[in-house]
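Proteins get letters first, then strands, A, B, ... in listed order; numbering begins at 1 in each.
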Amino acid sequence: MPLLWLIVIVTALAAAGFFAGRARALQSAGGNIRDLHSLPSYYGWNVALKALVPAGGLLLVWLLAQPLYVNATVSATLPEAAIAEGSSRDLLMAEVRRTAAGLDSAVAQGLLSADEARDPQADPDAVSERLKEAGQIITSQITRPILDAAQMFRAMNATGALIMDFAVLAAALAGLGFGLRETQREFRARNTVEQGVRALLLAAASIAILTTLGIVLSLVFNTWEFFRLYPATDFFFGTTWAPSFSGRGGASELGILPLLWGTIYISIVALTFSVPVGLFSAIYLSEYATPRVRSVVKPLLEVLAGIPTIVYGLFALLTVGPLLVGVFGKDGLNIMQSGTAVMTAGLVMGIMLIPFVSSLSDDIINAVPQSLRDGSYGLGATQSETIRQVVLPAALPGIVGAILLAASRAIGETMIVVLGAGAAARLSLNPFEAMTTITAKIVSQLTGDADFASPEALVAFALGMTLFVLTLGLNVFALYIVRKYREQYE
Amino acid sequence: MTDATLHDGQPAPRKSSLHQLDALTKKRNAAESRFKAYGIVAILIGLFFLVVLTVTIVRSGIPAFTQTVVAVEFTLTQEQFDDAESKLMKTGAYQDYFIAAMEGKLAERGIEMDFDPAAIERLLGKIGSNLREHYRANPGDLGRPVSFELSASSRVDGYFNGRVTRDTLVESRFLMLSDLDLVDALSDAGLLKQAFNWNFITGADSGVDNPGGAGIGASVVGSFFMMLVVLVLSLPIGVAASIYLEEFAPKNRFTDLIEVNISNLAAVPSIVFGILGLAVFIQFMHLPQSAPLVGGLVLTLMTLPTIIISTRASLKAVPPSIRDAALGVGASKMQAVFHHVLPLAMPGILTGTIIGLAQALGETAPLLLIGMVGFVARGYPDGFLDGFVEPNSAMPAQIYTWAARSDVAFYDKAWGGIIVLLVFLLAMNFVAIVLRRRFERRW
C-alpha cells in the first residue's frame, strides 16, 4: 500500500473519530450540552488526537528505523569475499541498493515480472542485461552476492512495509477505540486535549535542539572518521592543500591553513570595505537624515541584503572580476592574472555586508539615550563632535558586536567565494591572486561523488566543523557584547 | 565664574562678534560639514552599487529572453514529400528543399549568396528533422505555404547583441567567419527577426553544447516543490514552537536551551545546513539525492529560526489586555491563545513566513551539497507526488550550473535566470508588504 494511502486512511479514521466522539458525548448527556464537562467538539478532538498522534508517531519512527535495520541486516550477510580490493562494505551496499531500486522500477515498468525479480536462481548477467535495457543505471556487472543481497533487501523492505501498514492501522484503531470508550459525560475532555496540544507544541519547539544536535553529531562523527584516516596535526598545521584526485590514494595533503588564510583574507577585504561605508551610512541615517530621507534610503539599502548570494556570485564572476582585470590586469598595472581573486570576492562580499553593518549599527546608535546628546550640545559641541566624542564611544561595544556578526557572516559566505575567489589554495599576501576558502572547498570536496569513505570527501566535514566552531564562537561573543551593551542603557 | 575672575584686569578679550566666525569656529564647522559629507558619500556608495547591480542584471539578463529566429515561408508539395520520404537520407532531402526555398527568397531580394548545408546546420541546427516532424504530424499542410520560425543558434544571438564580433570570433565547429556573412545577408533580406524566447521560460536545461535550448522552467518547478515542503513543514512547526515559547514555556533550563539554540541556528552558515542534509538525510536515511523533498527539508531547518523569531515578535505585539479579557470571560489559556491571540497575530506571522520563504528560495549553498547541480533536469516531473522525489534542479542551483559552465553563451542564461528568480522574490516581498500594510494593527 503506498504511503499516501496509509496517511489518507489514518486521517480519515481520525476525522471519523472526531464525529463519532462528539456524537457519543452528546448522546451520553442525553442531548443536553450543559450536562457535559466540556464543549462537545473537545470530545471529538480527544478521539481524533488519540487516533492520529500515536499512529503518526509510529509511522514516522518506523520510516526512520526500517531502512537502518534492513541496511544493517543485509550488509551483515554480504560475504567478506564479495568485497573487492579497494572497495568497502558501504560501497557494495550502495550497489545493492541501486540494484534493488533498479529491480523495483523494472517491475513497475512491466519489463520484469514480480516473480522473475524475486527468483533466487536468476542469472546475474541476464538480470543486469535486462536492467540495462530498462534504462536503469547499473555501474558495473551485477554479481551473485549483490543480486542475492538485493533480493533480500527487496523482500525485507516489502515485509517491513506490510507490517508497518498493519501496525499503523492497528495503532490508529486502538487509539480510536480507547478514545471512544473514555468518552463519557463527566470525562474532562478539554483538559486532556489541551495537555496533548501543549505536548505537541513543546515537541515543535524542541526541533531546534534536534537540529543543533543533528548538525553537531553529523559533523563530529564524520570528523572523527576523517581523523582516523588522516592525522589531526597535519590537518590543523599543514600548509599545503593538495587533495589527490586519483581516488583513494594516500598522497593527499590536506592542510587547513591556506584555506583559513584565504577565508580570513577575503573577510578582511570585505570588512575594510563594508565597515566604513556601513558605519557612516548608519551615522548619517540615524543622526542627520530627515525622516523622509530615512524612510526611502533605509529600505533601499536593505534591498542589498535581500538579494540572494548567487546573484552576488555571478556579479563577482562576470562583472567585477573582468572590471578589475581591466584596471589591474595585463593592460593596466599587470598585477592581476585572472578575474577570480581575493579582491573580487572581498569587494562583492563587502557590498553584500553594507546593509548588514548599517542596520545593526543603526539600531545600536539609536539605542544611545538622547540625554547624552543633549548634554553634549548643552556644552556647545557641534553635532559631529557629539557623535564622535559621545555617541560613538557609548555605542562602541555594540558596534564591535555588529562588526563581529558581519565577520561571521563573511566567513560563512559560500556562493560569492565559490564563483569569485578562484580554486587555488595558497598562502600569499597579494590580494589580486586567486585564493580559496573553507566554504568553497567544502563545496568542491562534496559535490558529485557520494562516496564518504575517502579522506578527500571526509575532510569536508572537518572543514565544516572548523567553520561551525569559528562562526559559533564569533556569534556567541558578539551577541554577548551586544546584549551586555543594550542592558547598560535600559 | 572662576574664568571670569581669572580674566579680570587682563586686556579685553578678542574683539569678535557672534556674526564673525573666528578661525576655530570655522575649522569646527568645516569638520562638521566634512563629517556630514562622509555620511552622504557612504550612502551614495551603497546606492551606487544597488544601481550598478540592477543595471547589470537587467542589461545582461534581457538577451536570454529573446532569440533570433529565421522566418521563412515555405511550401512543400505532396510529390516532394513522397520523394523525400523515399530517400535514404530523409532529413537531408528536407534540408535541401529548405535551402532551395531560402536561396529563392534571397534571390527575390537581389542578394546572391551561396552557402553549404553545413553552414545552415551550424546556424539553425538540424532543420531537416524539424521539417520532417512537422509534415509527418500535419499532412494537411502539404502543398500549402507554411511559415516556419526556426530558432538560430545562440552564437547568432551573441552576434546580434555584441557578445560575438567578427574581430574576436574564434572559428570553431559551432561558427565560422563565413557564416556571419550569411547571417548579414539573411538579416538584410529581412528573414531574421528577434522573437520572445518562450523556451527559456518553459523549457528544461539542455546539454553543455546547446546553450540556445536551455530553459529554466523545470527548475522553477523544482523550486516550487521545495517551497511547498518548506511551507507545509515550517509554518505549522514554526508557529507551534513560537506559541509554546511565547505563551506557555515555564522559565527553566530547558526553555533557555531552546532559546539559545534558536538564536544560534539563525546565524549558522547555510552551508553547514547543507552538510547536515547530506549526512542525515542522504547518508543516514538514504533519501534520494537531488530530490526536492530533501532540499525542502534542509531549507525548512534553515528557515525555521527566521520564522520562529518573526512569529514570536508578532505574538508579542498582541497586547496582554486581549489575553486578559479572554481569560476574564472564562476561556482557558489554550482557548485564549488559539481563539484570540493567534488570529490577531496571523498577518504578522504570514508576512514573516513569506519573507522566510523568499530567503529560502534564493539559497544556493546547501543545495550544492545535496546534489542539485552537475545534473541536467531533462524535463518536468511525471506527476504531483513524483515531483517531490524525482531528481530535479532548483532555480538558484540551475543558475549556478550555468555560471559554472565554460561556454560563455550560458552566462546570458544565468543572468536571465537571475531575472526570473528576482521576479519571484519581488512578488513574494510585494505580497508581504501588502499584507503588512493591509492588516497591520497598531494597538
Side-chain angles (χ1 to χ4, degrees), chain A residues 4 64 67 97 190 194 197-198 200-202 204-209 211-212 214-215 218-219 222 277 280-281 283-284 288 297 300-301 303-304 308-311 314-315 317-319 351 354 382-384 408 412 414-415 419 439 442-443 446-448 450 452 461 464 467-468 471-472 475 479, chain B residues 28 31-32 35-36 38-40 42-43 45-47 49-50 53 56 237 240-241 243-245 248 257-258 261-265 267-272 275-276 278-280 282-283 285-286 289 301 304 332 334 362-365 368-369 373-374 385 396 399-400 403 411 414-415 418 421 429:
Chain A
L4 186 71
L64 289 181
R97 278 196 301 277
R190 184 177 59 77
E194 286 186 353
V197 170
R198 208 184 141 132
L200 287 180
L201 294 182
L202 177 63
S206 309
I207 284 186
I209 296 181
T211 311
T212 311
I215 290 178
S218 57
L219 286 174
N222 287 300
V277 174
F280 271 109
S281 313
I283 290 171
Y284 186 83
Y288 288 105
V297 172
L300 274 182
L301 277 184
V303 167
L304 282 175
T309 52
I310 176 81
V311 180
L314 212 60
F315 186 61
L317 177 71
L318 299 181
T319 311
I351 300 175
I354 291 174
T382 64
Q383 206 170 357
S384 67
S408 121
T414 311
M415 290 324 291
L419 288 171
T439 48
I442 294 177
V443 170
L446 281 184
T447 22
F452 296 116
F461 292 97
L467 184 68
F468 182 69
T471 50
L472 195 70
N475 284 326
L479 283 178
Chain B
R28 286 175 64 196
E32 170 74 31
F35 194 74
K36 204 168 162 181
Y38 293 152
I40 294 177
I43 289 181
I45 290 177
L47 294 182
F49 279 115
L50 182 63
L53 205 57
T56 312
I237 295 178
I243 289 179
Y244 180 77
L245 291 174
F248 295 104
L257 185 67
I258 296 177
N261 266 308
I262 288 172
S263 59
N264 280 333
L265 281 180
V268 167
S270 58
I271 184 122
V272 172
I275 296 182
L276 167 80
L278 181 69
V280 173
I282 291 175
Q283 194 188 6
M285 293 188 196
H286 301 299
Q289 238 183 357
L301 295 182
L304 257 181
S332 69
M334 194 71 74
E363 196 53 65
T364 324
L368 302 187
L369 293 193
V373 281
L385 284 180
I399 293 168
Y400 172 75
Y411 291 168
W415 284 115
I418 279 180
L421 177 66
N429 280 295

- With side chains defined as the heavy atoms from C-beta onward, is the minimum distance between B/L276 and A/F468 less than 4.5 Å? no
- Can you say whether A/L472 sits under 4.5 Å from chain B via the side chain, the backbone, both, or neither, judging by heavy atoms? side chain
- Task: Select, from A/V197, A/L202, A/L467, A/I283, the one with the greatest count of heavy-atom pairs under 4.5 Å involving chain B.
- Result: A/L202
- If you tally heavy-atom pairs under 4.5 Å against chain B, which of A/I442, A/I215, A/L318, A/T382 wins? A/L318
- Message: With heavy-atom distances below 4.5 Å as the criterion, would you say the side chains of B/L278 and A/F461 are in contact?
- Response: yes
- Item | Interchain contact, B/I45 with chain A, by part (heavy-atom threshold 4.5 Å) | side chain
- Between CG of B/L421 and CD1 of A/I310, what distance do you get to the nearest 0.5 Å? 9.0 Å
- Task: For B/Y38, enumerate each residue passing the side chain to side chain contact (heavy atoms under 4.5 Å, CB included) test, keeping only those at least two apart in sequence or located in another chain.
- Result: A/F280, B/R34, B/F35
- Item | B/V268 and A/T212, any side-chain heavy atoms less than 4.5 Å apart | no
- Query: If you round to the nearest 0.5 Å, how far is OG1 of A/T414 from CD1 of B/I271?
  - Reply: 4.0 Å
- Ranked by heavy-atom pairs below 4.5 Å to chain B, first place among A/L219, A/L479, A/T211 goes to A/T211
- Message: Measuring from atom CD1 of A/I207 to atom CG of B/N261, what distance do you get when rounded to the nearest 0.5 angstrom?
- Response: 12.5 Å
- Item | Side chain, backbone, both or neither of A/F315 within contact of chain B (heavy atoms, under 4.5 Å) | both
- Side chain from CB out, backbone as N, CA, C, O: work out which of these in B/I43 comes under 4.5 Å of a heavy atom of chain A, or both, or neither. both
- Which one, B/P396, B/A42, B/A403, B/A414, leads in non-hydrogen pairs under 4.5 Å with chain A? B/A42
- Message: Below 4.5 Å, heavy-atom pairs only: which of B/I262, B/T56, B/V272, B/N429 has the largest tally toward chain A?
- Response: B/T56
- Message: Just so I understand: if I count every heavy-atom pair under 4.5 Å between each of A/V303, A/I351, A/L301 and chain B, which residue has the most?
- Response: A/I351
- Query: Between A/L419, A/T309, A/T439, which shows the greatest number of heavy-atom pairs under 4.5 Å with chain B?
  - Reply: A/L419
- Measure distances from B/I40 to the heavy atoms of chain A and classify the residue's part below 4.5 Å as side chain, backbone, both or neither. both
- Picking from B/V280, B/L301, B/L245, which has the most non-hydrogen pairs under 4.5 angstrom with chain A? B/L301
- Query: What pair of heavy atoms forms the shortest contact from A/A204 to B/A240, and how long is it?
  - Reply: CB-CB, 3.6 Å
- Item | Short side-chain to backbone donor-acceptor contact, A/Q383 and B/E32, under 3.5 Å | no
- With only heavy atoms counted, which part of A/I209 is less than 4.5 Å from chain B, the side chain, the backbone, both or neither? both
- Would you mind telling me which of B/A31, B/S263, B/P269, B/G46 has the largest number of heavy-atom pairs within less than 4.5 Å of chain A? B/P269
- Partner residues of B/R28 under the salt bridge (charged side-chain N to carboxylate O under 4.0 Å, His left out) criterion, sequence neighbours left out: A/E385
- Note on the structure: When rounded to the nearest 0.5 Å, the distance separating CZ of A/R198 from CD1 of B/I243 is 12.5 Å
- Item | Proximal component of B/L265, with respect to chain A [non-hydrogen, under 4.5 Å] | side chain
- Counting heavy-atom pairs under 4.5 Å with chain A, the top scorer among B/A365, B/S270, B/G39 is B/G39
- Check each atom of B/L304 against the heavy atoms of chain A and say whether the ones under 4.5 Å are side chain, backbone, both or neither. side chain
- B/Y400 side, atom OH; A/L317 side, atom CG - distance, nearest 0.5 Å: 10.0 Å
- Item | Reported CG-to-CZ distance for the pair A/L201 and B/F248, which is rounded to 0.5 angstrom | 6.5 Å
